[in-house]
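The structure under discussion appears below in the form of structure tokens.
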Amino acid sequence: MPRVSFAPPSLCPAFLPLLDRLLPSLPPTVRDVDVPPLFRERFILSGYRPVGLSWRCYVLSLFQIHNETLNVWSHLVAAVCVTLRFMLFTILQGGGFSVDVSSLPLVLYVFSAVTYLSCSAAAHLLQSHSEQAHYSLFFLDYVGVAVYQYGCALALYLYSSDTAWTQSMQGQVFLPVSALLAWISCTSCCYAKLRFRRPYPLHRKFCQVLPMGVAYLLDISPVAHRLATRNWISNSALPLHFLQVVLFLLSAFFFSCPIPERFSPGRYDIIGHGHQLFHILLSLCTLAQQEALFHDFLWRRPGLVRKFGEENLLLACASFPCLMLCCMMTALAMRRQAQAQLMKEQR
């Protein structure tokens with residue numbers, strides 16, 4: 001007597017071809033000599049994704065182990081944490097939080113943080129598609145950095161500064177100079193990316209680090225004044241501000257110096273090279289700064305309109321999209337130059 005099977009029919013024969021089409025197998029990573037010089041990093045010898053694959057392959061490489069995996073995930077996770085923490089903060093305020101002229105700078109700050117983290121993650125995830133994509137995505141990354149610089153400056157000026165500092169000469173010119181330095185940072189980073197080829201000369205790093213360093217020194221000056229003149233015990237935001245300064249300085253060190261991979265090329269290709277440490281420290285810095293700004297916002301909000309005036313607050317917030325537009329136009333202009341340069345080299 002034939003046996004009767006009550007097992008349901010297997011879906012694998014029909015499902016696997018569909019899965020293969022939706023999730024194609026990704027090619028293995030390659031060594032530095034297998035990719036063009038533009039895509040190589042000093043002392044990183046392996047873990048590169050092949051150039052010229054489809055966009056879908058690079059999107060799916062989010063779940064592949066390569067030398068950019070930690071760079072991508074560190075900023076993606078940080079962007080989610082920033083968003084969720086802000087949502088939790090608004091919920092904990094109950095009906096006491098609404099987007100108005102006094103809270104708009106905080107909203108812009110959170111937007112700027114999510115913007116720079118997302119642009120950075122996208123650049124590191126997708127840049128291996130082509131030389132044109134590499135330039136375009138990192139120009140976008142630099143726009144995100146400049147937007148975040150000014151978002152920080154705006155929030156720190158309005159929520160974290162003392163009256164004595166805001167009335168000083170530095171406080172009077174703070175916002176326009178911060179906007180100018182943010183745009184210069186974006187422009188100089190785009191220029192350095194386009195102008196210099198590997199092996200990069202030392203002054204390329206100066207083109208990137210110097211404008212951003214000067215911008216940071218100005219942007220952090222209201223906090224530095226409070227750290228130097230206030231009792232930290234009586235203000236819960238100040239230890240957090242100090243923590244974010246320490247984390248930023250450490251991240252700047254690893255951004256500037258290829259350590260530890262310089263001392264053991266190839267050993268830290270996948271986990272532990274300097275740019276990954278820079279990403280992780282900068283993400284922690286952003287989270288600490290956001291937490292400090294929440295404390296300052298609750299401290300300053302009741303008298304914010306009285307101190308600065310509603311029109312001045314609206315004007316300050318209106319400068320944020322203007323700065324963002326200027327940086328985007330600069331990046332687009334640099335992108336056109338990159339296109340022309342690549343077409344000239346291909347002839």
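Bear in mind the structure is a predicted one, so any value in this text is a computation, not a measurement.
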side-chain hydrogen bond (donor to acceptor under 3.5 Å, both in side chains) partners of S168, counting only residues at least two apart: none
Matching residue for H124 among H66, H279, H134 - test: ring-ring contact (aromatic ring centres under 6.0 Å, His included):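 Passing option: H279.
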Flag yes if more than 12 heavy atoms outside [X] fall under 6.0 Å of its [atom1] atom; otherwise flag no.
| X | atom1 | value |
| --- | --- | --- |
| F242 | CZ | no |
| E345 | CD | yes |
| Q339 | CD | yes |
| W183 | CH2 | no |
| F196 | CZ | yes |

Partners passing salt bridge (Lys or Arg N to Asp or Glu O under 4.0 Å) against D34 (at least two apart in sequence or in another chain): none
Between [X] and [Y], is there a donor-acceptor pair closer than 3.5 Å when you use the side chain of the first and the backbone of the second?
| X | Y | answer |
| --- | --- | --- |
| E291 | L287 | no |
| Q64 | P27 | yes |
| S136 | A133 | no |
| Y48 | E41 | yes |
| S74 | I280 | no |
| S120 | L117 | no |
| R301 | S102 | no |
| E131 | L342 | no |
| R262 | R42 | no |
| S188 | S185 | yes |

At what distance, to the nearest 0.5 angstrom, does [atom1] of [X] lie from [atom2] of [Y]?
| X | Y | atom1 | atom2 | result |
| --- | --- | --- | --- | --- |
| C190 | F138 | SG | CZ | 11.5 Å |
| Q341 | R336 | CD | CZ | 15.0 Å |
| R335 | F139 | CZ | CZ | 9.5 Å |
| S112 | F320 | OG | CZ | 5.0 Å |
| L277 | I271 | CG | CD1 | 11.0 Å |

Distance alone, cut at 3.5 Å: any donor-acceptor contact between the side chains of [X] and [Y]?
| X | Y | value |
| --- | --- | --- |
| Q289 | Y109 | yes |
| T330 | Y142 | no |
| Q167 | T163 | no |

Tell me whether [X] shares a hydrophobic cluster with [Y], the cluster being built from Ile, Leu, Val, Met, Phe, Trp, Tyr side chains joined at under 4.5 Å.
| X | Y | result |
| --- | --- | --- |
| L156 | W299 | no |
| L304 | L298 | yes |
| L194 | I184 | no |
| V145 | F278 | yes |
| M324 | L181 | yes |

ILVMFWY clustering at 4.5 Å (side-chain atoms), partners of L92: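 When side chains under 4.5 Å apart are linked, the cluster holding L92 also contains L88.
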Members besides L125 in its Ile/Leu/Val/Met/Phe/Trp/Tyr cluster (side-chain heavy atoms under 4.5 Å): L53, W55, Y58, V59, L62, F63, V72, W73, L76, V77, L126, L137
Sidechain N-carboxylate O distance under 4.0 Å for K193, D141: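 No, no charged N to carboxylate O under 4.0 Å.
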salt_bridge(R31, D269) N-O dist < 4.0 Å: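 No, this pair does not count.
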Parallel, tilted or perpendicular: rings of F294 and F89 (30°, 60°):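 Parallel, since the angle between the ring planes stays under 30°.
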For S161 against T166, the heavy-atom pair lying closest together: OG-CG2, 3.0 Å
Distance-minimising heavy-atom pair for Y268 and I44: O-CD1, 4.3 Å
Side chains of V82 and V110 in contact at under 4.5 Å (non-hydrogen atoms): yes
Close side-chain approach of R300 to L158, heavy-atom, < 4.5 Å: no
Pairs where residues 229-240 contributes a residue and the test salt bridge (charged side-chain N to carboxylate O under 4.0 Å, His left out) is met, not counting sequence neighbours: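 Applying salt bridge (charged side-chain N to carboxylate O under 4.0 Å, His left out) to every pair that reaches into residues 229-240, excluding sequence neighbours, yields D162-R230.
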Mind listing the side-chain donor-acceptor pairs of residues 208-222 below 3.5 Å, one per line with the distance, residues two or more places apart or on another chain?
unit_1	atom_1	unit_2	atom_2	d
D219	OD1	S178	OG	3.2
S221	OG	Q170	NE2	3.0
S221	OG	L218	O	2.5

